[in-house]
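Down below is the structure, laid out as structure tokens.
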Amino acid sequence: MITPSDEALVRDHTVYSCVMGSRAFGLATDGSDTDRRGVYLAPTPLFWRFDKPPAHVEGPADEQFSWELERFCELALRANPNVLECLHSPLVEQADATGRELLSLRGAFLSRQAHGTFVRYALGQRRKLDADVRQYGAPRWKHAMHLLRLLASSRDLLRTGALTIDVGAARDELLAVKRGEVAWPEVQRRMSGLAEENDEAAASSPLPAEPDRARIEDFLIRARRASALAAPPDGEGSAG
């Protein structure tokens with residue numbers, strides 16, 4: 001459950017926030033939720049205590065989730081699909097100077113490691129869908145749609161070196177899957193084909209083998225230092 005101090009971190013120290021989910025993917029319909037994701041920079045003095053600030057906060061609004069900057073960078077450097085997509089949302093709601101610098105570093109997080117993390121995540125989701133089919137006779141069609149979307153996004157990232165999360169012209173085709181209008185064997189065929197295309201794209205991808213960890217760490221250190229210098233004389237920070 002969110003605490004008053006957690007809420008203050010999100011309210012007072014968010015450096016970047018965006019809309020994610022179907023609205024960012026170009027797949028929203030009349031009943032779609034508005035999922036918000038954000039990054040907050042916890043005041044540096046809070047790390048000087050035994051009790052550290054949280055690495056993430058769920059809320060305070062419905063469908064809202066935020067990461068502390070360091071945790072966000074760690075996950076992005078590992079090519080976590082959800083975090084990388086958050087950095088590339090076309091629906092940015094807030095970005096201060098630190099947030100804008102974070103956005104300017106999007107390319108530094110990208111590497112061929114995305115091949116493993118995106119496809120591994122997709123395979124895990126596919127196993128769940130297969131289990132649903134065995135147990136209930138049909139998959140969760142919305143999840144099947146998003147798995148296809150993720151595999152196509154990953155393939156294009158590996159091919160071009162750029163991550164684009166809006167599905168564009170594939171919207172109608174993907175929504176047909178969500179509505180259950182495409183037979184499951186055909187959906188399986190598309191998933192397998194996209195997985196193979198990811199493997200092929202990885203072999204000749206323009207992306208570097210590793211992300212630019214040193215560049216990201218320099219950014220994080222400067223953000224922490226600036227936060228420490230801006231702290232009040234008692235060193236408490238406003239989230240205490």
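Residue numbers run from 1 in the order of the sequence given.
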Less than 3.5 Å apart, any donor N or O on the side chain of [X] or [Y] sitting next to an acceptor on the other?
X: D199; Y: H115; answer: yes
X: E58; Y: Q64; answer: no
X: S192; Y: R126; answer: yes
X: R23; Y: T34; answer: yes

Q: Using the salt bridge (charged side-chain N to carboxylate O under 4.0 Å, His left out) rule, take R36 and E63 through it: C-alpha gap first, then chi angles, then the decisive distance, then the call.
A: CA-CA 6 Å; R36 288 184 166 85; E63 311 298 335; over 6 Å; no
To the closest 0.5 Å, what do you measure between [atom1] ([X]) and [atom2] ([Y])?
X: F72; Y: L41; atom1: CZ; atom2: CG; answer: 13.0 Å
X: I165; Y: L163; atom1: CD1; atom2: CG; answer: 7.0 Å
X: Y16; Y: L103; atom1: OH; atom2: CG; answer: 5.0 Å
X: M20; Y: H88; atom1: CE; atom2: NE2; answer: 10.5 Å
X: L46; Y: H13; atom1: CG; atom2: NE2; answer: 7.0 Å
X: S154; Y: L84; atom1: OG; atom2: CG; answer: 10.0 Å

(Q) side chain to side chain contact (heavy atoms under 4.5 Å, CB included), that's the test. Do H146 and L150 meet it? Break it down for me. (A) CA-CA 6 Å; H146 280 297; L150 182 72; over 6 Å; no
Is there a path of hydrophobic side-chain contacts, each under 4.5 Å between heavy atoms of I/L/V/M/F/W/Y residues, joining [Y] to [X]?
X: L69; Y: L9; result: no
X: L77; Y: V39; result: yes
X: F25; Y: L91; result: no
X: L220; Y: Y40; result: no
X: W67; Y: V10; result: no

Q. Does the cation-pi check pass for R224 over F47, that is, NZ or CZ under 6.0 Å from the six-membered ring centre and within 45° of its axis?
A. yes
Q: Determine the interplanar angle of the F65 and H56 rings, folded into 0 to 90°, and report it as parallel if under 30°, tilted if 30 to 60°, perpendicular if over 60°.
A: parallel
Q | Exercise: identify the closest heavy-atom pair between T164 and S153 | A | O-OG, 3.4 Å
Could you tell me whether a side-chain N or O of [X] sits under 3.5 Å from a main-chain N or O of [Y], the two making a donor and an acceptor?
X: Q94; Y: T14; result: yes
X: S227; Y: T44; result: yes
X: S32; Y: T29; result: yes
X: S205; Y: R159; result: no
X: D33; Y: D35; result: no
X: R140; Y: D132; result: no

Q: Give the C-alpha distance, both sets of side-chain angles, the deciding distance and a yes or no for side chain to side chain contact (heavy atoms under 4.5 Å, CB included) between V83 and E74.
A: CA-CA 10 Å; V83 171; E74 287 175 344; over 6 Å; no
Electrostatic pair [X]-[Y], nearest N-O below 4.0 angstrom:
X: R222; Y: D218; result: yes
X: R71; Y: E68; result: no
X: R213; Y: E217; result: no
X: E197; Y: R190; result: no

Q: Could you walk me through whether R179 and W141 pass side chain to side chain contact (heavy atoms under 4.5 Å, CB included), step by step?
A: CA-CA 7 Å; R179 293 191 297 266; W141 291 110; over 6 Å; no
(Q) Could you check whether atom NZ of K52 has more than 12 heavy atoms from other residues, nucleotides or ligands sitting under 6.0 Å from it? (A) yes
Q: Please test L123 against F118 for side chain to side chain contact (heavy atoms under 4.5 Å, CB included), starting from the C-alpha separation and ending with a verdict.
A: CA-CA 9 Å; L123 289 174; F118 278 65; over 6 Å; no
(Q) When you compare the side chain of L175 with that of M145, does any pair of heavy atoms fall below 4.5 Å? (A) yes
